[in-house]
Amino acid sequence: MEHGSFTNDSHASFTLAEEDHTLANAVRFMLNQDPRVTLAGYSIPHPSLECVNVRVQTTGDPAREVLKDACQELMLMNRHVRSVFDKAVAEFKVKQARLATEEEKKTKAEEAELKKQRDLLASMDIESD
Amino acid sequence: MVTEEDKIFAKNFCIDDLPDVPAGLPPHLKLKQNRVVSKKDASVVDTGDAIYSGSYVSSGVDNTMKLGNFYEDFKVDVISCTETDMEFDMIGIDAAFANAFRRILIAEVPSMAIEKVLIAYNTSLIVDEVLAHRIGLIPIAADPRLFEYLTETDQPNEKNTIVFKLHVKCPKGQSRLHVLTNELQWLPNGSEFLKESGDSTSTSKPKTYTSFSCSQDSLPEFADNPITPSHLDILISKLSPGQVLKLKLEAHAVKGIGKTHAKWSPVGTAWYRMLPEVVLLGEVEDEKAERLVKTCPMNVFDIEDMGNGRKRATVAQPRNCTLCKECIRDHDLVDLVDLRSVKDHFIFKVESTGSLPPDVLFTEAVKILEDKCERVIADLS
């Protein structure tokens with residue numbers, strides 16, 4: 001919901017229903033990064049109300065469009081975070097798997113070596129005490 | 001008398017070219033841009049960030065975060081990742097994002113939890129409501145993405161409800177019985193308790209508390225991995241012999257989010273901290289160096305041998321630093337050690353309760369934030 005004026009659309013407040021600091025703080029951050037914005041902030045009018053009020057004042061562009069752009073940009077950034085994260089996790093898992101197989105190989109080789117030595121000792125027929 | 005040389009000089013003169021004209025941000029603001037400095041007297045100065053894009057316009061510095069930079073510089077380093085725990089570094093992002101992900105992980109990523117407990121027989125020491133609460137808090141290893149929310153108008157069916165039964169008895173002559181979560185038995189066909197109905201003459205199938213149209217174990221997702229609690233060794237109750245205590249109940253799990261009740265939170269904890277940075281502002285040598293190494297409980301510092309019997313302190317493990325400030329208590333070390341936090345480097349930890357692996361939980365959290373943005377855009381259009 002938008003609270004603004006009919007004559008000047010560069011200043012407006014928006015009420016986002018069923019949202020809290022989670023989204024509002026991120027949106028405020030995105031708004032503040034936009035050079036068209038002169039002021040951006042948010043408040044939660046009452047703890048028992050499930051809504052936030054976001055205030056946007058711009059240098060002339062319609063506040064609604066600027067807020068929309070901020071959300072769009074936030075979404076794109078999230079998408080990027082997700083792709084980078086997924087890639088990092090996949091790489092980590094591949095690395096772990098490789099380390100695990102190497103470890104297995106190593107222990108197997110050690111066992112084989114041990115067995116070889118034991119066989120050698122047995123074949124030499126050394127009497128043990 | 002103006003010479004030719006002077007004319008050329010005047011023509012090419014630009015005040016910005018002079019070496020002593022400061023360009024950019026002064027060092028204290030530059031430090032503040034991406035570091036938080038912890039001081040000795042417990043005051044953490046300048047935690048706030050100048051997030052407004054025009055904050056440093058007068059110094060000729062653009063404070064907008066260039067989106068191109070973010071897409072190039074953002075980095076994730078996975079430190080460890082198991083089925084339940086995960087630690088990773090998020091580099092090149094603002095706290096607003098890190099905090100949004102944390103909040104969503106705790107309160108808005110859905111999971112399955114027991115919401116309704118039907119108790120038929122309970123003579124244990126734990127009263128019904130306390131028992132129901134205990135059972136509600138048991139984490140369940142079921143992928144919430146395979147289920148739907150149970151709305152008020154919905155009938156509980158195989159798509160939105162998981163039913164467990166718990167039938168335990170401790171007869172006389174036995175030792176005390178510990179009822180663990182492994183006694184919770186999954187009922188893929190739904191409730192077995194019959195609903196009491198007015199007319200007993202009706203010949204139709206007796207009604208139960210759920211209306212499953214098919215068995216859950218016939219569904220491909222659950223065919224070869226039956227649903228169980230995440231941990232099979234959680235103590236629910238103790239039953240004593242002689243008292244012949246019995247438990248006979250059914251637990252119905254539904255999908256929900258942590259905002260409604262903490263039992264639906266899919267994480268034990270999800271938290272982050274900024275990367276600590278320990279800087280030695282001067283040489284710390286010999287006795288001082290030894291004192292510095294000894295004073296740090298987290299073994300952040302190490303001693304470097306400089307030859308001819310001299311020693312120098314170095315920062316070996318800055319990541320271990322908890323910013324306890326133990327090292328800057330001594331008056332002669334306070335000016336030599338600077339404790340800082342890197343503002344755009346987050347050490348993020350996620351501990352899953354077992355419904356989904358932590359990396360999937362984080363991806364889900366990011367998706368939820370995306371959905372929120374999409375919803376706002378749709379509302380504004």
Side-chain angles (χ1 to χ4, degrees), chain A residues 1-2 12 14-41 50 52 54 56 59 62-93 95-96, chain B residues 49-55 57 62-67 70-71 74-82 86 88-90 92-104 107-108 259 348 357-360 362-381:
Chain A
M1 192 173 42
E2 181 176 350
F14 300 86
T15 302
L16 309 180
E18 284 166 25
E19 292 298 348
D20 55 7
H21 299 283
T22 306
L23 182 72
N25 192 28
V27 166
R28 182 191 63 148
F29 173 77
M30 293 311 300
L31 281 168
N32 272 312
Q33 296 300 310
D34 193 330
R36 292 175 294 175
V37 173
T38 52
L39 183 142
E50 271 219 339
V52 283
V54 179
V56 186
T59 51
R64 171 183 285 261
E65 294 307 312
V66 171
L67 178 60
K68 232 159 72 183
D69 287 352
C71 288
Q72 188 71 36
E73 210 158 287
L74 181 59
M75 205 166 75
L76 290 177
M77 280 173 80
N78 276 325
R79 239 174 242 168
H80 183 67
V81 168
R82 197 146 57 93
S83 72
V84 170
F85 179 81
D86 284 347
K87 220 166 95 189
V89 169
E91 269 168 21
F92 179 79
K93 282 190 176 156
K95 209 173 86 188
Q96 285 302 94
Chain B
D49 217 343
I51 58 169
Y52 170 50
S53 61
S55 292
V57 155
D62 185 9
N63 198 33
T64 53
M65 184 177 69
K66 279 152 217 103
L67 209 59
F70 169 76
Y71 288 119
F74 178 66
K75 220 173 98 190
V76 172
D77 276 344
V78 182
I79 308 293
S80 69
C81 180
T82 64
M86 180 175 196
F88 62 94
D89 283 20
M90 266 198 306
I93 201 164
D94 192 75
F97 283 82
N99 198 39
F101 298 145
R102 182 190 65 84
R103 285 175 65 97
I104 292 173
E108 289 179 62
K259 217 189 234 178
F348 212 104
D359 50 316
V360 179
F362 186 80
T363 322
E364 290 296 307
V366 182
K367 271 189 206 160
I368 288 172
L369 190 55
E370 270 172 52
D371 290 346
K372 279 171 181 288
C373 298
E374 224 162 289
R375 214 161 43 236
V376 173
I377 294 170
D379 280 355
L380 290 175
S381 312

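Lettering follows sequence order; numbering is per chain, from 1.
There is no contact between A:E91 and chain B, counting heavy-atom distances below 4.5 Å. Both the backbone and the side chain of B:S381 come within contact range of chain A, judged by heavy atoms closer than 4.5 Å. Proximity to chain B (any heavy atom under 4.5 Å) is restricted, for A:D34, to the backbone atoms N, CA, C and O. Of the two parts of A:V37, only the backbone, made up of N, CA, C and O, holds a non-hydrogen atom closer than 4.5 Å to a non-hydrogen atom of chain B. When heavy atoms are compared at a cutoff of 4.5 Å, B:E374 approaches chain A by way of both its backbone and its side chain. Contacts between A:D86 and chain B at a heavy-atom distance below 4.5 Å involve the side chain alone, from C-beta outward. For A:K93, the part lying near chain B is the side chain, with the backbone staying farther off; criterion is any non-hydrogen pair under 4.5 Å. Interface residue B:I93: only side-chain heavy atoms are found under 4.5 Å from chain A.
At least one side-chain heavy atom of A:F14 sits less than 4.5 Å from a side-chain heavy atom of B:L380. Taking the side chain as every heavy atom from C-beta outward, B:F70 and A:V81 approach each other to under 4.5 Å. Two residues are said to be in side-chain contact when any heavy atoms from C-beta on lie closer than 4.5 Å; B:V78 and A:K95 fail this criterion.
Nearest heavy atoms, B:A100 versus A:T22: CB-O, 3.5 Å. Taking all atoms of both residues into account, the shortest heavy-atom contact from B:S53 to A:P35 is OG-CA, 3.6 Å.
A:E19 CD to B:K372 NZ: the interatomic distance, rounded to the nearest 0.5 Å, is 3.5 Å. Between the CG atom in A:N25 and the CZ atom in B:R103 there is a gap of 8.5 Å [rounded to 0.5 Å]. Note that the CZ atom of B:F97 and the CG atom of A:N78 stand 6.0 Å from one another [nearest 0.5 Å]. In this structure, CG on A:L39 lies 8.5 Å from OH on B:Y52, to the nearest 0.5 angstrom. To the nearest 0.5 Å, the span separating CZ on A:R82 from CD on B:E364 amounts to 8.5 Å. Between atom OH of residue B:Y71 and atom CZ of residue A:R79 there is a gap of 9.0 Å, rounded to the nearest 0.5 Å.
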**OP:** Assess whether ring pair (Phe, Tyr, Trp, His ring centres under 6.0 Å) is satisfied between B:F88 and A:F92, documenting all intermediate values.
**Re:** CA-CA 11 Å; B:F88 62 94; A:F92 179 79; over 10 Å; no
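Per-residue counts of heavy-atom pairs under 4.5 Å with chain B were compared for A:Q96, A:K68, A:Q72, A:K87; the largest is that of A:K68. Per-residue counts of heavy-atom pairs under 4.5 Å with chain B were compared for A:V27, A:V89, A:L16; the largest is that of A:V89. For the set B:D77, B:N99, B:I377, the entry with the most heavy-atom pairs within less than 4.5 Å of chain A is B:I377. Ranked by heavy-atom pairs under 4.5 Å with chain A, the first of B:D371, B:L369, B:V360, B:I104 is B:L369. Per-residue heavy-atom pair counts under 4.5 Å with chain A were compared for B:S55, B:A95, B:G54, B:A96, and the maximum is reached by B:A96.
Residues satisfying the salt bridge (Lys or Arg N to Asp or Glu O under 4.0 Å) criterion with A:R64, sequence neighbours excluded, are A:E2.
With A:F85 as the fixed residue, the side-chain contact (heavy atoms from CB on, under 4.5 Å) test singles out one of B:F101, B:F362, B:F74: B:F362.
Using a 4.0 Å cut-off between charged side-chain N and carboxylate O, A:E18 and B:R375 make no salt bridge.
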